[in-house]
Amino acid sequence: MTTATESNSAAHNSPATKFPAIANPTAEKSSDIASNINYHAKYSPHFSPLKFEPEQAFYATAESIRDCLIQHWNETYLHFHKVDPKQTYYLSMEYLQGRALTNAIGNLDILDAYADALNKLGHELEEIAEQEKDAALGNGGLGRLASCFLDSMATLNLPAWGYGLRYKYGLFKQRITKEGQGEVAEDWLEKFSPWEVVRHDVVFPVRFFGHVLVSNTGSRKWVGGEVLQALAYNVPIPGYKTKNTNSLRLWEAKASADDFNLFQFNDGKYESAAELHSKAQQICAVLYPGDATEDGKILRLKQQFFLCSASLQVCCQTYMDIIARFKERREGKGPWKWSEFPSKVAVQLNDTHPTLAIPELMRLLLDDEGLGWDEAWDVTTRTIAYTNHTVLPEALEKWSQIVMRKLLPRHMEIIEEIDKRFMAMIHSSRTDMESRLSSMRILDSSNPQKPVVRMANLCVVSSHTVNGVAQLHSDILKSELFADYVSIWPAKFQNKTNGITPRRWLRFCSPELSNIITKWLKTDGWVTKLDLLTGLREFADNEDLHAEWASAKMANKRRLAQYVLQVTGVSIDPNSLFDIQVKRIHEYKRQLMNILGAVYRYKKLKEMSPEERKKATPRTIMFGGKAFATYTNAKRIVKLVNDVGAVVNNDPEISNYLKVVFVPNYNVSVAEVLIPGSELSQHISTAGMEASGTSNMKFSLNGCIIIGTLDGANVEIREEVGEENFFLFGATADEVPRLRKEREDGLFKPDPRFEEAKQFIRSGAFGSYDYNPLLESLEGNSGYGRGDYFLVGYDFPSYMDAQDRVDEAYKDQRRWLKMSILSTAGSGKFSSDRTIAQYAKEIWKIEECIVP
Ligand code: 26Q
């Protein structure tokens with residue numbers, strides 16, 4: 001065991017008093033930082049003050065950074081309080097924050113001083129940073145997008161806050177065994193998170209069940225039922241090189257002491273004594289609890305409402321505080337009115353999951369504030385905006401009207417009224433749309449056994465703006481999913497192409513490449529003005545840049561190879577082409593096409609003579625991603641990849657030419673190692689199905705070439721990097737319906753390579769597991785999950801041809817390096833700073849508010 005004292009002397013042969021334990025929130029010099037870290041090691045009561053191993057050093061370091069963030073946080077809070085700018089509330093059921101330490105130190109621009117301070121204390125910053133558990137309060141792209149947005153909102157000095165839930169267990173930990181994927185609860189709060197600050201003064205009641213009381217005057221009040229408390233935990237969100245520090249506010253559910261039945265408890269009835277407490281614990285227990293049962297569905301709806309109700313109460317309370325504080329300043333302007341609420345508050349719904357914000361805001365305005373319907377509706381629709389992230393039918397939320405009425409009786413009344421008024425509007429002023437009304441309605445009672453609320457329809461009807469997340473996706477929303485609404489409200493629909501934060505996804509995850517970019521552009525301004533990367537184009541053929549670029553890439557590949565060895569035991573060659581597909585496992589993303597390609601490659605390599613093989617481009621194909629626990633085919637794909645890897649990686653004839661690796665437990669931190677080390681990445685969804693994709697942007701920014709379809713943001717990436725720097729294949733979105741029809745009509749003729757790959761798996765070459773049910777999803781005639789709905793068979797030949805072009809291109813390293821540099825150079829558009837600036841200007845109408 002090392003201690004803080006020992007490690008000081010171990011590192012520098014100097015007494016600990018050289019860095020006395022002093023709380024020092026504004027420290028900038030490394031010796032002062034060391035003192036601050038020592039202070040937390042000594043006086044924070046979580047661990048023995050004698051212990052200073054990496055884990056304790058992490059907590060002490062994080063707490064020292066937190067001091068500084070809190071200083072900035074308070075200043076931000078006070079400044080906003082004074083200026084009272086319009087604010088955005090970003091409501092999301094998911095945030096995939098990952099680790100925060102390097103990001104915080106980097107955004108504060110004190111990386112070198114911290115590295116130095118930790119050295120003085122006998123530690124390495126990188127090693128300390130790896131102690132932190134990922135905060136994985138999300139499952140994929142939508143959650144990571146929310147986290148990138150928070151970084152950009154703070155960096156752009158915007159008054160915009162994230163609201164979410166403080167799940168005890170976030171996304172599961174993935175274990176890979178012979179059986180395939182296993183899931184284990186991930187206890188990210190096991191010790192504690194040094195970043196969250198519980199705010200005991202920010203508590204709001206949230207009601208469930210109960211009934212509606214109607215007064216003589218006709219006013220309505222929701223009473224009875226269960227009332228829980230929402231308690232706020234704030235997480236600081238520092239902007240890059242700015243004092244502005246925003247918050248991510250995560251709600252936790254609590255029951256109060258009054259709800260604890262002491263009498264029952266003393267009578268030995270322990271469970272019933274604490275019944276409400278245990279119900280409170282269930283709400284934030286896990287992200288996406290199973291919803292196969294009725295109880296499971298109620299729990300999910302409770303989670304959604306809990307987030308919406310608590311967050312909306314903050315909006316309204318903040319607004320009323322403003323009213324109270326500024327009364328005197330408004331002389332001559334008349335009294336504050338609720339109609340001015342939308343000039344102070346914008347609410348963004350991250351997909352339909354927080355849709356209940358709509359009826360909840362209506363309820364607060366109607367029942368608590370006494371507004372009439374028209375006024376409340378005007379305020380609500382001018383406040384709320386909705387982002388759609390998917391066109392997949394199974395991901396479009398529909399809630400049972402029966403469940404909704406039971407859990408939220410007043411909200412169900414309000415939703416019925418919105419539906420009724422929408423119908424009345426169509427009948428009175430849009431008779432041309434009457435034939436479309438049944439599919440546009442919010443309530444779908446066509447199945448009397450199972451009447452449902454269509455959440456996306458409720459969002460479209462009630463929002464001032466609806467946006468898709470890439471140009472193609474927004475076009476599809478307008479021409480298909482929401483086409484009828486477009487004819488009523490053409491101006492409501494916008495596109496906001498997604499983006500990623502260049503801080504986490506280049507500057508901090510690949511310092512080597514970042515330094516080269518800064519050197520050649522003669523500025524590090526690109527970190528906040530990513531368009532400056534186009535300046536690299538003029539050096540795309542420069543041999544000196546090529547040499548430096550290749551060496552940074554190689555360093556990142558070595559780091560990745562070491563990581564792969566550590567977590568899988570498979571040794572991979574940094575001189576082979578590193579080909580990566582990492583994302584949630586889903587049939588539409590077509591990991592199955594990738595592994596079929598790998599199987600075919602393996603078979604052909606086996607058939608070659610040793611001499612022929614020498615001409616092959618050596619490849620390491622890496623996969624990563626989690627399958628939803630109940631998604632059978634996705635789990636079969638995970639198993640297939642692992643089974644193929646087990647054979648290929650242990651075949652001595654082939655090991656110099658091909659490795660197939662499944663990197664377990666893909667998450668934000670793993671992505672930060674994989675992406676910088678990648679050379680080719682696969683974004684190969686069936687055209688029209690991937691709303692945007694954001695990892696495609698991360699790979700491209702890191703000088704990785706994309707092989708992909710014309711889907712989601714691939715289309716825009718290809719436009720930006722140039723078509724010669726993108727390996728394109730596959731059907732286009734507008735061809736897909738015809739191809740599916742042809743398939744149904746029995747007109748599809750499979751390519752022999754496709755048949756050969758499937759047959760090789762069926763032959764038992766990769767073990768005795770029965771892959772027939774999985775392979776059959778690619779066969780037959782029609783239907784979702786059968787009949788090759790995702791057109792793997794149709795796209796396979798053009799995919800394999802594109803892979804041949806990749807192999808040829810990689811043989812010419814000068815050409816490849818040029819493509820790599822041009823990928824980075826063309827990635828400027830995909831900064832989330834650009835995306836957020838567009839949301840701020842075109843949807844939220846908020847402005848920067850810089851803390852002096
Ligand atoms: C479905 C039914 C009921 C309850 C929840 C859901 C549900 C939950 C999560 C539906 C979808 C999600 C997650 C969607 C998601 O991550 N979408 C991704 O969003 C990214 C950011 O915009 C895009 O880049 C990806 O293309 C899109 O797949």
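One is the number of the first residue; the rest follow in order along the sequence. Hydrogens, waters and symmetry mates are skipped; everything else that's a heavy atom, side chains included, is used.
A salt bridge is defined here as a Lys NZ or Arg NE, NH1 or NH2 lying under 4.0 Å from an Asp or Glu carboxylate O, and Glu672 with Arg504 meets this definition. Under the 4.0 Å criterion applied to side-chain N and carboxylate O atoms, Asp524 and Lys519 are not assigned as salt-bridge partners.
Note that Arg249 lies outside the cation-pi zone of Tyr163, set by a 6.0 Å cut-off to the ring centre and a 45° limit from the axis.
Residues Leu165 and Leu250 are not in side-chain contact: their nearest non-hydrogen atoms beyond the backbone lie 4.5 Å or more apart. Counting heavy atoms from C-beta outward, Lys492 and Tyr485 have side chains that stay 4.5 Å or more apart.
Looking only at distances, no side-chain donor or acceptor of Arg382 sits under 3.5 Å from a matching main-chain atom of Glu340. Side chain of Glu690 to main chain of Lys589: no donor-acceptor pair is present (N/O by atom type, distance under 3.5 Å, no hydrogens or angles). With hydrogens and angles disregarded, no donor-acceptor distance shorter than 3.5 Å links the side chain of Arg503 to the backbone of Phe508. A donor-acceptor pair is defined here as one N or O able to donate and one able to accept, closer than 3.5 Å; such a pair exists between the side chain of Ser487 and the backbone of Asp484. Proximity of a side-chain donor or acceptor of Arg584 to a complementary backbone N or O of Gly140 within less than 3.5 Å is not detected. Checked by atom type and distance alone, the side chain of Thr355 pairs as donor or acceptor with a backbone atom of Thr352 at under 3.5 Å. Distance alone, capped at 3.5 Å, is enough to place a donor-acceptor pair between the Thr824 side chain and the Leu701 backbone. Not one N or O on the side chain of Arg144 forms a donor-acceptor pair closer than 3.5 Å with the backbone of Gly98.
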request  = Please assess Ile706 against Arg718 for the test side chain to side chain contact (heavy atoms under 4.5 Å, CB included), listing each intermediate value before the final yes or no.
outcome  = CA-CA 9 Å; Ile706 291 176; Arg718 181 165 169 269; over 6 Å; no

ask   = Could you walk me through whether Ile358 and Leu349 pass the side chain to side chain contact (heavy atoms under 4.5 Å, CB included) check?
value = CA-CA 10 Å; Ile358 295 162; Leu349 307 182; 4.1 Å; yes

ask   = Could you go step by step and tell me if Thr387 and Val466 meet the side chain to side chain contact (heavy atoms under 4.5 Å, CB included) rule?
value = CA-CA 6 Å; Thr387 306; Val466 175; over 6 Å; no

query = Where do Lys553 and Glu679 land on the salt bridge (charged side-chain N to carboxylate O under 4.0 Å, His left out) test, with the steps shown first?
reply = CA-CA 8 Å; Lys553 272 293 198 194; Glu679 294 175 292; over 6 Å; no

ask   = After noting the C-alpha distance and the side-chain angles of Leu396 and Leu481, does the key distance pass the side chain to side chain contact (heavy atoms under 4.5 Å, CB included) rule?
value = CA-CA 11 Å; Leu396 290 177; Leu481 204 58; 3.9 Å; yes

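Going from atom CG of Leu728 over to atom CD1 of Ile707 covers 9.5 Å, rounded to the nearest 0.5 Å. For the atom pair CG of Leu710 and CG of Asp734, the computed distance is 9.5 Å after rounding to the nearest 0.5 Å.
Listed by chain and residue number, Pro25, Asn36, His40 satisfy the side chain to side chain contact (heavy atoms under 4.5 Å, CB included) test with Asp67 (two or more places apart in sequence, or in another chain). Checked against side chain to side chain contact (heavy atoms under 4.5 Å, CB included), Gln304 has the following partners two or more places apart in sequence or in another chain: Met93, Leu301, His353, Leu356, Glu397, Trp399. With sequence neighbours excluded, the residues that form a ring pair (Phe, Tyr, Trp, His ring centres under 6.0 Å) with Phe149 are Tyr90, Tyr839. Not a single ring pair (Phe, Tyr, Trp, His ring centres under 6.0 Å) links Phe493 to another residue, sequence neighbours left out. With sequence neighbours excluded, the residues that form a ring pair (Phe, Tyr, Trp, His ring centres under 6.0 Å) with Trp338 are Tyr319, Phe341. In terms of the side chain to side chain contact (heavy atoms under 4.5 Å, CB included) criterion, residue partners of Ser474 (sequence neighbours excluded) are, by chain and number, Asn495. Applying the side chain to side chain contact (heavy atoms under 4.5 Å, CB included) criterion to Ser695, with sequence neighbours excluded, gives Lys583, His683, Phe699. For Asn388, the side-chain hydrogen bond (donor to acceptor under 3.5 Å, both in side chains) partners are Tyr386, His473, not counting sequence neighbours. Here Tyr240 pairs with nothing under the ring pair (Phe, Tyr, Trp, His ring centres under 6.0 Å) rule; sequence neighbours left out.
Applying the side chain to side chain donor-acceptor pair (under 3.5 Å) test to every pair with at least one member in residues 100-111, sequence neighbours left out, gives these pairs: Asn107-Asp151. Among pairs with a residue in residues 704-717, those fulfilling salt bridge (charged side-chain N to carboxylate O under 4.0 Å, His left out) read Glu716-Lys829, at least two apart in sequence or across chains.
Looking only at atom types and distance, the side chain of Trp188 has no donor-acceptor partner in the side chain of Ser193 under 3.5 Å away. At a cut-off of 3.5 Å, with distance as the only test, a side-chain donor of Gln71 or Glu75 sits close to an acceptor on the other residue. Between the side chains of Trp195 and Gln97, no donor N or O sits under 3.5 Å from an acceptor N or O. For the residue pair Thr76 / Asn244, no side-chain donor-acceptor distance below 3.5 Å is found, with atom types taken as modelled. Side-chain atoms of Ser820 and Trp549 form a donor-acceptor pair, as typed in the model, at a separation below 3.5 Å. In the model, Glu94 has no side-chain atom that pairs as donor or acceptor with a side-chain atom of Asn350 under 3.5 Å. For the residue pair Asn556/Ser510, the side-chain donor-acceptor check at 3.5 Å is satisfied. Side-chain contact, Ser152 with Asp833: a donor N or O sits under 3.5 Å from an acceptor N or O. Asn725 and Ser823 form no side-chain donor-acceptor contact under 3.5 Å, judged by distance and modelled atom types alone.
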Report all side-chain donor-acceptor pairs from residues 841-851 shorter than 3.5 Å, counting only partners two or more places apart or in another chain.
residue	atom	partner	partner atom	Å
Glu842	OE1	Lys496	NZ	2.8
Trp844	NE1	Gln348	OE1	2.7

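Atom CG of Asp112 is surrounded by 12 or fewer heavy atoms from other residues, nucleotides or ligands within 6.0 Å.
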